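Here the structure comes first, spelled out in structure tokens, and everything after it is commentary.
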Number of protein chains: 2
Amino acid sequence: MATTQDRQLVEQWRSIQNSYFRTAAAIDRALEAKFDIGLNEFEILDLVAESVDSACRMKALGERTPMTQSAVSKVVDRLEKAGLVSRVTCSDDRRSLYLELTEAGRALHSDAAVEHRALLKENLGE
Amino acid sequence: MATTQDRQLVEQWRSIQNSYFRTAAAIDRALEAKFDIGLNEFEILDLVAESVDSACRMKALGERTPMTQSAVSKVVDRLEKAGLVSRVTCSDDRRSLYLELTEAGRALHSDAAVEHRALLKENLGE
DNA sequence: TGTCATTGAATGACGCGTCATATAGATTGA
DNA sequence: TCAATCTATATGACGCGTCATTCAATGACA
């Protein structure tokens, strides 16, 4: 039985989907075109950039993002290959790694962030 | 320069992401476990189920979903392979196809829809 | 200290979505 | 009516995320 509430839920859900997909696609294309990195790469860069302490972070990153641990690992692979980030082993727990932005990483991030915020504004803040 | 508005935008965006991912993952797992279809399969099934007219629909479907045309095509492949849907060529335009639920498709949809709505309610309607 | 369980991260196989194309049918206009 | 163009769908190569597993380091407890 399709209740009115059901229909409202489905509507709400589709609206979230559209909002999410449209925005994500827009940002992804723009970042890809201008900076040659995808949305997930940027999001990790953004998280690293906003971390102040140099605590062991790979793990922490996974908690701040809906990405899987293995997804994070692969995104970081790409970022590292692109020379934007480097993995540094933790001295107090040698299983752990923390991430540092390279010069290039910091530079790219600050440019890309402008683009990112602008597109968020455009897509979310109507 | 990270303005307050920027931070708010990023917060809003992360909140949308979480809402979307958490909900999508929950529904996907549940449908996969109980009905052996993924979320996108269900969404197409749902769209087909809610179409009343028998207009040529493959095309129309693509307009109601953030999925790509080719994604829709492949989702329909799987649905068809699973015997839940069948492609029927349009008599008035033989490039077009419309979709029909099979008996199995209709049955599965009505069960799965209950689950789907329940999970939406649980995840969206707090 | 030695064993056993646990934890942080990496890896390979796999599925799915995307992009660029292909194909077949429709439409337009001379 | 015949090209040229456009439109609806399908397909193959490819990239990325996920799952399950692996590996190394740590912790717990006897």
Side-chain angles (χ1 to χ4, degrees), chain A residues 17 20-22 24-33 36-44 47-48 54-82 85-100, chain B residues 17 20-22 24-33 36-44 47-48 54-82 85-100:
Chain A
Q17 280 188 309
Y20 177 73
F21 274 109
R22 284 178 49 83
I27 299 177
D28 196 62
R29 285 170 205 283
L31 293 179
E32 201 81 58
D36 201 43
I37 61 170
L39 177 53
N40 281 350
E41 280 79 4
F42 175 78
E43 309 240 357
I44 292 295
L47 287 174
V48 175
S54 358
C56 310
R57 278 197 225 96
M58 273 303 266
K59 185 67 191 319
L61 249 47
E63 289 156 7
R64 294 190 195 288
T65 206
M67 287 184 250
T68 296
Q69 173 263 319
S70 106
V72 173
S73 178
K74 295 185 181 187
V75 168
V76 172
D77 280 351
R78 278 171 252 140
L79 288 174
E80 201 173 26
K81 247 161 229 158
V85 131
S86 51
R87 284 187 238 237
V88 183
T89 67
C90 268
S91 47
D92 61 331
D93 184 345
R94 278 173 317 196
R95 291 169 302 184
S96 296
L97 299 173
Y98 66 94
L99 300 179
E100 279 178 353
Chain B
Q17 281 188 310
Y20 177 73
F21 275 108
R22 285 177 48 83
I27 299 177
D28 196 62
R29 284 169 205 284
L31 293 180
E32 200 82 57
D36 202 40
I37 60 171
L39 177 53
N40 281 350
E41 279 80 2
F42 175 79
E43 308 240 358
I44 292 296
L47 287 175
V48 175
S54 0
C56 310
R57 279 200 223 94
M58 272 303 265
K59 184 67 191 318
L61 249 48
E63 288 157 7
R64 293 190 195 288
T65 204
M67 285 183 251
T68 295
Q69 174 265 318
S70 104
V72 173
S73 178
K74 295 186 181 187
V75 168
V76 171
D77 280 351
R78 278 171 251 140
L79 288 173
E80 201 173 27
K81 247 160 229 156
V85 131
S86 51
R87 282 188 240 236
V88 183
T89 68
C90 267
S91 47
D92 61 331
D93 183 345
R94 278 173 317 193
R95 292 168 304 182
S96 296
L97 299 172
Y98 66 94
L99 300 179
E100 277 178 356

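Within every chain, numbering begins at 1; the chains are lettered A, B, ... in the order of the sequence lines, protein sequences first and strands thereafter. Keep in mind the model is a prediction, meaning the values are calculated, not measured.
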Task: A:Leu31 versus A:Leu39, closest heavy-atom pair with distance - done: CD1-CA, 4.4 Å
TODO: Verify the contact: side-chain N or O of A:Arg87 to OP1 or OP2 of C:dA10, cut-off strictly under 4.0 Å; return yes or no.
DONE: yes
- [ ] Answer yes or no: does atom CG of A:Asp92 have more than 12 heavy-atom neighbours from other residues, nucleotides or ligands under 6.0 Å?
- [x] yes
- [ ] Could you check how far CD1 of A:Ile44 sits from C1' of C:dA9, rounded to whole Å?
- [x] 14 Å
- [ ] Send over the distance from B:Lys59 NZ to C:dA24 P, rounded to a whole Å.
- [x] 21 Å
- [ ] Determine: side-chain N/O of B:Arg94 to OP1/OP2 of C:dA26, distance under 4.0 Å, yes or no.
- [x] yes
Task: Position toward the 5' end of DNA chain C (nearest nucleotide), A:Asp93 or B:Arg95 - done: A:Asp93
Task: Any donor-acceptor pair under 3.5 Å from B:Gln17 side chain to A:Pro66 backbone - done: no
Task: Flag, side chain of B:Arg57 to backbone of B:Leu99, donor-acceptor distance under 3.5 Å - done: yes
Task: Atom CZ of B:Arg64: over 12 foreign heavy atoms under 6.0 Å - done: no
- [ ] For the side chain of A:Lys74, starting at C-beta, report the closest nucleotide among C:dG25, C:dC19, C:dT11.
- [x] C:dT11
Task: Nucleotide range of DNA chain D lying under 4.0 Å from chain B heavy atoms - done: D:dT7 to D:dC19
Task: Side-chain donor/acceptor of B:Gln69 to backbone N/O of B:Gly62, under 3.5 Å - done: no
Open item on the list: Within the 4.0 Å heavy-atom criterion, would you say A:Ser70 contacts the bases, only the backbone, or no part of the nucleic acid?
Closed with: base
Task: 5' precedence on DNA chain D between A:Asn40 and B:Val76 (nearest-nucleotide basis) - done: B:Val76
Task: A:Glu100 and A:Val85, any side-chain heavy atoms less than 4.5 Å apart - done: no
Open item on the list: Using a 4.0 Å heavy-atom cut-off, does A:Ser96 contact any base of the nucleic acid, only the sugar-phosphate backbone, or nothing at all?
Closed with: sugar-phosphate
TODO: Quickly work out the B:Gln69 CD to C:dT23 C1' distance and round it to whole Å.
DONE: 12 Å
- [ ] Take atom CG of A:Leu61 and atom P of C:dA10, then tell me their distance rounded to the nearest Å.
- [x] 12 Å
